[in-house]
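Heads up, the thing below is written out as structure tokens.
Because only heavy atoms are used, hydrogens play no part in the values below, and waters and symmetry mates are left out as well, while side chains stay in.
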Amino acid sequence: MHRPLNSLTIFVTLLVIPILAACAQPIEQRANVGDAFSITLQYETSSQTTGGSESSSRGHQSIVERVIAVEDDGLTLEYDLPSSVSEEERARHWQYPARVFRSRSGEQQLLDRELLEDRVSEWLDRFEIPRSACGHWLFTWNAFQIVCDPESVLQSIAQYDLRPTNLRDGGLFHDPVALGPGQFVRSATDAGELQFVVEMAVDPDKIRQERVEADLVAAEIMGRELTEEEASYARASEEITGSAVVTFHTDADGQIIRRTREVSLEIRLTDGSLETSTSSQVLSRELMVQVGS
């Protein structure tokens, strides 16, 4: 049975999978043509309001990254769903497989846009979805948006990227919800791994805007009329504090193998009650097939 849909549930869900950005050139991971990696994103959220409701959710999703070509200026990569995915599940995801060129500076370019445009059309026809529904939100077991733009694949892939930053002690890193960049602190683990940790205060305005967007999504799903101005006004007096902590883990060879992220928030609502929430995310990368050394 589904929990009752509300904007807090949607907000915490949307908060858990952002696209992380760096303030430096990306570290270059070793790559050989034919290498294949399994990348898994695990997430968990929880929230509660004093004297009120509690909610929590957890889940995971995976993608396979294959190295198609290695050139002086970057890599050609193919992203696809795992082979364990059923044909029925694959039919619901028109975005994959997709090929992308990733430059040494981290920029990504979609290489098979025309093929994806054809798949979008087939997907809409198969599920009898009108083009007018593109961009709108629905709710089944979770809130989801009907996305029809092939370029959106780049945003989807970005959440699996473990090459975002030039890791070093004192290096700067920026999280999408942070007030400003933080500095990495390097340390070693007993297992011989290095970890780079950065802690940043959240920006209340950014969190407030995400809550407004979640309110608008919830209103659309439930068929209620709500303008952005009305939603912004309702959230304007909320007092928001919190932190975002991001940790990159490397193996003994200096290759990034895992990233963890936790965002903790305390929000004093207009009625005086306190809302607390935590969202955590673990992104791990495992070599499936290795060619060369």
Strictly distance-based, threshold 3.5 Å: is any side-chain N or O of [X] a donor or acceptor partner for the main-chain N or O of [Y]?
X      : Y      : result
Glu89  : Ser86  : no
Gln159 : Ser156 : yes
Asp169 : Arg186 : yes
Lys206 : Leu179 : no
Ser232 : Glu228 : yes
Glu220 : Trp137 : yes
Thr40  : Ser62  : no
Asp35  : Asn32  : yes
Arg285 : Phe37  : no
Arg119 : Trp94  : yes

Does the side chain of [Y] come within less than 4.5 Å of [X]'s, by heavy atoms?
X      : Y      : result
Leu116 : Gln95  : no
Leu265 : Val202 : yes
Trp123 : Ile129 : yes
Val246 : Asp175 : yes
Leu269 : Thr49  : yes
Gln155 : Val147 : no
Leu110 : Val100 : yes
Thr45  : Ser56  : no

Of the non-hydrogen atoms in [X] and [Y], which two are nearest, and what is the gap between them?
X      : Y      : answer
Ala31  : Val67  : CB-CG2, 4.2 Å
Val177 : Ala244 : CG2-CB, 4.4 Å
Ala69  : Val33  : CA-CG2, 3.9 Å
Val198 : Gly182 : CG2-C, 3.4 Å
Leu162 : Ser284 : CD1-C, 4.3 Å
Pro181 : His174 : N-ND1, 3.7 Å

If you count the non-hydrogen atoms of other residues, nucleotides and ligands that lie under 6.0 Å from [atom1] in [X], is the total more than 12?
X      : atom1 : value
Glu71  : CD    : yes
Tyr233 : OH    : no
Glu107 : CD    : no
Glu286 : CD    : no

[X] and [Y]: same hydrophobic cluster, using ILVMFWY side-chain contacts below 4.5 Å?
X      : Y      : answer
Ile157 : Leu81  : yes
Ile63  : Leu41  : yes
Tyr96  : Ile39  : yes
Val197 : Ile257 : no
Leu154 : Ile146 : yes

For a quick check under 3.5 Å, do [X] and [Y] share a side-chain donor-acceptor pair by atom type?
X      : Y      : result
Gln195 : Ser187 : yes
Ser55  : Ser47  : yes
Gln42  : Arg58  : no

Atom [atom1] of [X] and atom [atom2] of [Y]: how far apart are they, to the nearest 0.5 Å?
X      : Y      : atom1 : atom2 : answer
Asp251 : Ile256 : CG    : CD1   : 10.0 Å
Leu111 : Gln109 : CG    : CD    : 6.0 Å
Ser53  : Gln48  : OG    : CD    : 9.5 Å
Arg211 : Leu216 : CZ    : CG    : 13.0 Å
Thr189 : Leu194 : OG1   : CG    : 7.5 Å
Glu266 : Thr278 : CD    : OG1   : 9.5 Å

- Task: For the pair Arg235 and Glu213, evaluate salt bridge (charged side-chain N to carboxylate O under 4.0 Å, His left out) and give the outcome as yes or no after the intermediate values.
- Result: CA-CA 11 Å; Arg235 297 292 186 184; Glu213 292 172 0; over 6 Å; no
- Message: Tell me if the centroids of the rings in Phe173 and Phe248 come within less than 6.0 Å of each other.
- Response: yes
- Test log, rule side-chain contact (heavy atoms from CB on, under 4.5 Å), inputs Leu167 and Thr250: CA-CA 10 Å; Leu167 291 181; Thr250 68; 4.1 Å; yes
- Task: For side-chain contact (heavy atoms from CB on, under 4.5 Å), just list the numbers for Leu283 and Arg258, CA-CA rounded to whole Å, side-chain angles, deciding distance to a tenth of an Å, and then say yes or no.
- Result: CA-CA 6 Å; Leu283 182 66; Arg258 188 168 62 258; over 6 Å; no
- Task: Show your reasoning for whether salt bridge (charged side-chain N to carboxylate O under 4.0 Å, His left out) applies to Asp203 and Arg208.
- Result: CA-CA 9 Å; Asp203 185 336; Arg208 190 172 290 110; over 6 Å; no
- Task: Give the C-alpha distance, both sets of side-chain angles, the deciding distance and a yes or no for side-chain contact (heavy atoms from CB on, under 4.5 Å) between Gln281 and Val263.
- Result: CA-CA 9 Å; Gln281 177 196 86; Val263 177; over 6 Å; no
- Message: Before you tell me yes or no, could you show the steps for Arg131 and Ser121 under side-chain contact (heavy atoms from CB on, under 4.5 Å), namely the whole-Å CA-CA distance, both residues' side-chain angles and the distance that decides it to 0.1 Å?
- Response: CA-CA 9 Å; Arg131 280 276 177 180; Ser121 297; 3.1 Å; yes
- Task: Apply salt bridge (charged side-chain N to carboxylate O under 4.0 Å, His left out) to Glu122 and Arg126, showing your working.
- Result: CA-CA 6 Å; Glu122 294 172 0; Arg126 176 170 183 170; over 6 Å; no
Using a 3.5 Å cut-off and no angle test, enumerate the donor-acceptor pairs between side-chain atoms of residues 73-80 and protein atoms at least two apart in sequence or in another chain.
unit_1: Glu78; atom_1: OE2; unit_2: Arg99; atom_2: NE; d: 3.2
unit_1: Tyr79; atom_1: OH; unit_2: Glu65; atom_2: OE1; d: 2.8
unit_1: Asp80; atom_1: OD1; unit_2: Arg90; atom_2: NH1; d: 2.9

- Query: Would Arg113 and Glu151 pass as an ion pair if we require N to O under 4.0 Å?
  - Reply: yes
